[in-house]
Amino acid sequence: MSLELLLIIAFSGAFLTYLSGKISSQLRDGVAVLISLGLVAIVSFLYNVQTETVFYQGFFGISLILRMNSLAWFFAIAIVSFTALCIIYSLSYMKDCERSNYYYFMMLLINASMLTIVLAGDLVTFFVAWEIMSWSTFLLISYNRNGALQAGIKYIVLSLIGSMCMLVGILSIYTSFGTVNIADVANHLTPSSVGYKLFLLIIFSITFGIKNAIMPLHTWLPDAYAESPSPFSAVLSGMLTRMGVFGFLLIMYVIVGMKTTLHLGRGFLSFNTILCWLGAITIVIPTFIAMLQNDAKKLLAWHGIGQGGYMIVGIAFGTSLGAAGGIFHTLNHATYIVLLFLSVGAIEYSTNGLRDLNSLGGLFKKMPIAFFGGLLGISGLIGVPLTNGFVSKWLIYKTLILGNAPFLAFAALLGTWGTVLSVYKFLHNLFLGQLPEEHKEIKKAPLTMQIPIVILSFTIILFGILPGLPLKVINSIIVAAGFQALDINIWGVTSETGTLNMLNIFAAIAVFGAIFWGIFKVARKSTPVDQYDNYAAGAAVPKNKYHYTVEYYAPFYRMGKPFLKDIFDMFYNRIAEAIGSICDSVRKIYTGYVGSYVMYIVLFIASLIFVQLTWSIF
Amino acid sequence: MNIIALFVSPLIALIAGMFFLGLSRKISARIQWRYGPPIYQPVIDVIRSFSQKSITHGKFFDFGIILSLSSSFVLILFLPIGKLCALTSGGLIAFLYLMLMGPFGIALSGAAAANPNSSIGISRKFLLALAYEVPLLLVLLTVMTHYHTISLVEIVNIQANSGWAFGSWALILPGIAYLLILPAILGMRPFEVVGAAQEISSGPIAEFGGKHLAFYTLQHALHVFVGIALFVDIFLGGWTFFGLLNPLAGTVWAVIFGIIIFLLKMTLVLFIGLFVNAVYPRFRIEQAMQYLWKWPTLISFVGLIIVVLTK
């Protein structure tokens with residue numbers, strides 16, 4: 001199966017879906033699911049394929065290339081699988097929405113453009129696909145109008161700044177070396193000066209940093225995640241944002257090369273140390289801001305930023321364990337954040353759009369599948385042992401501690417403990433506690449929404465117990481980038497300085513769990529009671545008022561609120577306001593009177609004459 | 001050796017933990033000029049609880065407490081008790097994460113009970129945990145950086161050769177910080193904010209009775225054991241006692257006496273905690289957080305900087 005055909009199917013599938021939507025919505029749903037599942041099948045057949053094809057010869061004399069290797073495959077399979085799950089999920093979620101043709105078209109177009117990004121073998125293809133992705137993302141973020149438009153504009157402005165930086169980088173590469181083929185550029189770049197390499201790294205880092213929402217460049221993300229339709233929030237947080245991680249891997253370890261990237265600068269002031277510290281800041285601050293959120297999706301969005309920090313720290317730290325952990329964390333984060341967004345989406349679906357953490361509760365008996373999705377999702381997000389998040393975080397912590405970076409390790413660990421608080425609040429306020437009376441007769445989420453949740457929950461456990469499955473592919477990625485290979489087993493990682501064996505942790509928990517479950521069964525049977533039959537110091541339990549959710553961590557809010565503000569967002573908003581007012585005053589010269597325009601012309605000519613008479617330039 | 005540890009160490013931890021619970025009631029009573037219950041009272045309570053009536057708020061309510069108890073036992077397998085240590089996979093990092101699972105299970109179970117007292121208790125528990133984790137993480141990172149290993153067994157073995165960490169100049173500050181946060185880890189006064197019986201009717205366990213309460217008591221006993229044992233392993237050299245066991249090296253007696261020395265050290269540390277517990281009133285949660293983020297954090301931070309600079 002050639003790579004061109006894959007992309008042709010991906011792009012034409014998107015258009016086909018749109019056209020079939022004009023005929024009937026069932027046909028469109030069928031086509032969309034078929035295309036997305038077909039892409040999963042094709043990409044999985046490409047496992048272990050190393051190939052490169054020129055798909056267009058004469059683009060201003062530049063040949064456009066697609067190439068497949070382990071890095072591209074890893075991201076490609078993740079992209080198509082998560083999109084396929086989200087498309088299946090959308091079948092019921094988007095059923096009664098207007099403009100659903102347009103929604104599916106955009107979803108598949110984004111899918112196709114992300115595929116092109118990871119398969120691109122030259123920077124022009126990369127840039128074009130990147131732009132298609134950015135623009136179609138903008139259209140989907142602002143799908144719900146109103147608040148979403150504002151979020152979309154915030155996103156596209158930052159995204160454009162990123163694209164322009166990348167364009168400058170690509171143009172400078174082309175003028176210096178006369179080629180945009182990634183492999184050739186990497187070869188040409190080896191003998192060039194340190195300053196130029198640093199320039200390229202920094203300018204591309206801005207682009208990818210915006211996409212991956214690294215700390216001062218993150219401001220587009222919370223609103224965008226919260227305002228998009230939930231299945232798209234899932235794709236956005238799971239894979240689209242992580243195109244930034246792919247970009248970082250590309251620029252740091254493919255284009256500039258590992259040996260150079262890790263030795264740019266002196267002592268503390270080197271490129272990768274600074275990137276590590278930005279990553280560490282990105283872990284800690286958003287995690288604590290997340291604790292203050294009352295919107296379920298916004299809470300997840302802030303965690304999306306925070307988890308991105310782990311990937312950056314892992315990748316930028318520049319050891320085998322770190323790089324493997326960073327890449328693995330990208331996959332793991334995608335699994336559980338997609339799952340969490342889908343669970344929130346199920347609640348939104350069942351409660352007609354509620355996602356306020358203060359007005360829900362006790363849904364775990366009404367929506368068991370969504371609840372287990374949410375439970376496993378937050379376990380992965382925390383990194384509870386036996387979930388996949390644990391393994392990747394373990395890899396990162398270990399390399400930070402043994403690599404003598406205890407302060408970075410502290411930031412990473414602290415981020416996890418902050419995460420526990422806010423995601424527990426998320427789970428408690430949505431699913432646990434007292435069920436409000438108005439949600440007693442809630443409608444269940446349909447099967448097409450439950451299937452993706454079940455699959456993702458299973459994946460979290462599977463990769464948690466047998467992390468060797470994905471780590472094998474990741475190992476080949478880091479070897480290709482020039483790192484030392486890790487000793488991977490199906491159950492974990494072996495090394496002299498500390499082995500991780502998930503299978504025996506699993507066995508221990510399973511055995512003890514079985515024993516105590518047995519004891520529990522043998523002991524005297526307990527009486528099931530209703531939620532209103534509980535302890536209230538002898539008083540009757542007041543209905544609808546016996547639930548502790550608002551200001552769940554009240555003492556912390558009182559202490560932390562003055563400090564936990566998004567200062568960068570305020571700063572950018574102030575810049576935007578200043579530019580707005582400057583443009584407003586410039587606009588005043590258009591008075592609408594012919595007389596004033598004549599005056600401008602006369603003044604302009606007079607100044608020209610004055611210049612000519614004084615300095616005789618012309 | 002590992003196979004034996006697999007069966008023996010949970011038993012030791014359970015018996016010692018229950019003994020500590022009984023001991024702490026007795027000691028507190030004596031400090032307050034009361035006679036106090038017999039030391040084996042918690043054991044009687046647990047056995048009796050199993051045969052008593054209890055209520056359940058559904059499958060998940062049961063699941064949480066079972067998860068909590070079983071993961072606490074798994075945690076014991078990772079802990080070097082004397083020279084016994086059944087599992088080493090993942091080292092101290094995995095240990096830290098497994099420490100999280102016990103409270104997490106209780107939190108799930110308590111919240112499934114739909115009682116606001118439980119919810120308030122859990123929210124306090126997590127805040128307190130966040131407050132003491134900051135200094136605790138700094139302390140553990142300092143130790144791991146200083147000994148350049150992530151393995152608990154390794155940390156104990158290094159101390160056997162080069163003396164207790166608490167006695168070395170580099171690690172004395174982290175040791176002091178750990179002692180300062182120990183009452184918070186154990187949930188003793190002045191940090192008894194989570195199960196404050198007079199305010200929120202025992203917090204997370206408000207709805208527990210019968211076998212649920214019995215499971216909780218066992219989990220609590222293990223939790224107390226782990227909190228103290230971690231201190232003994234990291235700072236007081238685990239089973240080592242100034243070369244006392246050197247003549248016995250390699251024999252079974254070394255293992256047995258190692259465990260006894262380990263438990264004696266633990267009892268000593270527990271006594272210090274109990275003296276504080278008996279005389280202090282309870283902090284408010286803000287006061288607890290402010291305290292924990294002030295002195296212990298400062299001390300452990302300075303300790304980490306010293307270790308990094310002298311590396």
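In what follows, every heavy atom counts, from backbone to side chain, and hydrogens, waters and symmetry copies are set aside. Not measured: the values here are computed from a predicted model. Labels below follow one simple rule: chain letters A, B, ... track the order of the sequence lines, proteins then strands, and each chain is numbered from 1.
With a 4.5 angstrom heavy-atom cutoff, B/Val308 touches chain A only via side-chain atoms. Of the two parts of A/Ile378, only the side chain, counted from C-beta on, holds a non-hydrogen atom closer than 4.5 Å to a non-hydrogen atom of chain B. Heavy atoms of B/Ala214 lying under 4.5 Å from chain A are absent altogether. Both the backbone and the side chain of B/Leu98 come within less than 4.5 Å of a heavy atom in chain A. With a threshold of 4.5 angstrom between heavy atoms, A/Leu375 approaches chain B through side-chain atoms but not through N, CA, C or O. Heavy atoms of A/Phe410 lying under 4.5 Å from chain B belong to its backbone as well as its side chain. With a 4.5 angstrom heavy-atom cutoff, A/Phe390 touches chain B only via side-chain atoms. For B/Leu67, no part sits under 4.5 Å from any heavy atom of chain A, backbone or side chain.
Highest contact tally toward chain A, considering only B/Leu87, B/Leu92, B/Ile305, is held by B/Leu87 [criterion: heavy-atom pairs under 4.5 Å]. Comparing B/Phe215, B/Phe78, B/Phe61 by how many heavy-atom pairs each has under 4.5 Å with chain A, the most go to B/Phe215. When each of B/Leu218, B/Leu140, B/Leu127 is checked for heavy-atom pairs under 4.5 Å with chain A, B/Leu127 comes out on top. Of all the listed residues (A/Leu414, A/Leu402, A/Leu500), the one sharing the greatest number of non-hydrogen pairs under 4.5 Å with chain B is A/Leu402. Between chain A and the residues B/Leu304, B/Val74, B/Leu96, B/Val307, the most heavy-atom pairs under 4.5 angstrom are made by B/Val74.
Heavy atoms from other residues, nucleotides or ligands lying under 6.0 Å from CZ of A/Phe506 number 12 at most.
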Next on the checklist: ring-ring contact (aromatic ring centres under 6.0 Å, His included) for B/Phe60 and B/Phe63? Distances and angles first, verdict last.
Outcome noted: CA-CA 5 Å; B/Phe60 194 67; B/Phe63 166 78; 5.6 Å; yes
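Closest approach of B/Ile122 and B/Ala111 over heavy atoms only: CD1-N, 3.7 Å.
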Would you mind checking chain B against chain A for donor-acceptor pairs under 3.5 Å and listing them?
unit_1   : atom_1 : unit_2   : atom_2 : d
B/Ser51  : O      : A/Arg524 : NH1    : 3.1
B/Ser54  : O      : A/Thr527 : N      : 2.9
B/Ser54  : O      : A/Thr527 : OG1    : 3.3
B/Thr56  : N      : A/Thr527 : O      : 2.9
B/Thr56  : O      : A/Val529 : N      : 3.0
B/His57  : O      : A/Lys365 : NZ     : 3.2
B/Ser89  : OG     : A/Asn501 : N      : 2.7
B/Ser89  : OG     : A/Asn501 : O      : 3.3
B/Gly90  : N      : A/Thr499 : O      : 2.6
B/Gly90  : O      : A/Trp394 : NE1    : 2.8
B/Tyr97  : OH     : A/Tyr397 : OH     : 2.8
B/Tyr97  : OH     : A/Thr416 : OG1    : 3.2
B/Ala107 : O      : A/Tyr424 : OH     : 2.8
B/Ala111 : O      : A/Gly433 : N      : 3.0
B/Ala113 : O      : A/Asn534 : ND2    : 3.3
B/Ala114 : O      : A/Asn534 : ND2    : 2.8
B/Asn115 : ND2    : A/Tyr535 : O      : 3.1
B/Ser119 : O      : A/Tyr552 : OH     : 3.2
B/Ser119 : OG     : A/His428 : NE2    : 2.8
B/Ser123 : OG     : A/Tyr552 : O      : 3.2
B/Glu133 : OE2    : A/Trp417 : NE1    : 3.3
B/Glu207 : OE2    : A/Tyr535 : N      : 2.8
B/Lys211 : NZ     : A/Phe520 : O      : 2.9
B/Lys211 : NZ     : A/Arg524 : O      : 3.3
B/Glu286 : OE2    : A/Arg558 : NE     : 3.0
B/Glu286 : OE2    : A/Arg558 : NH2    : 2.6

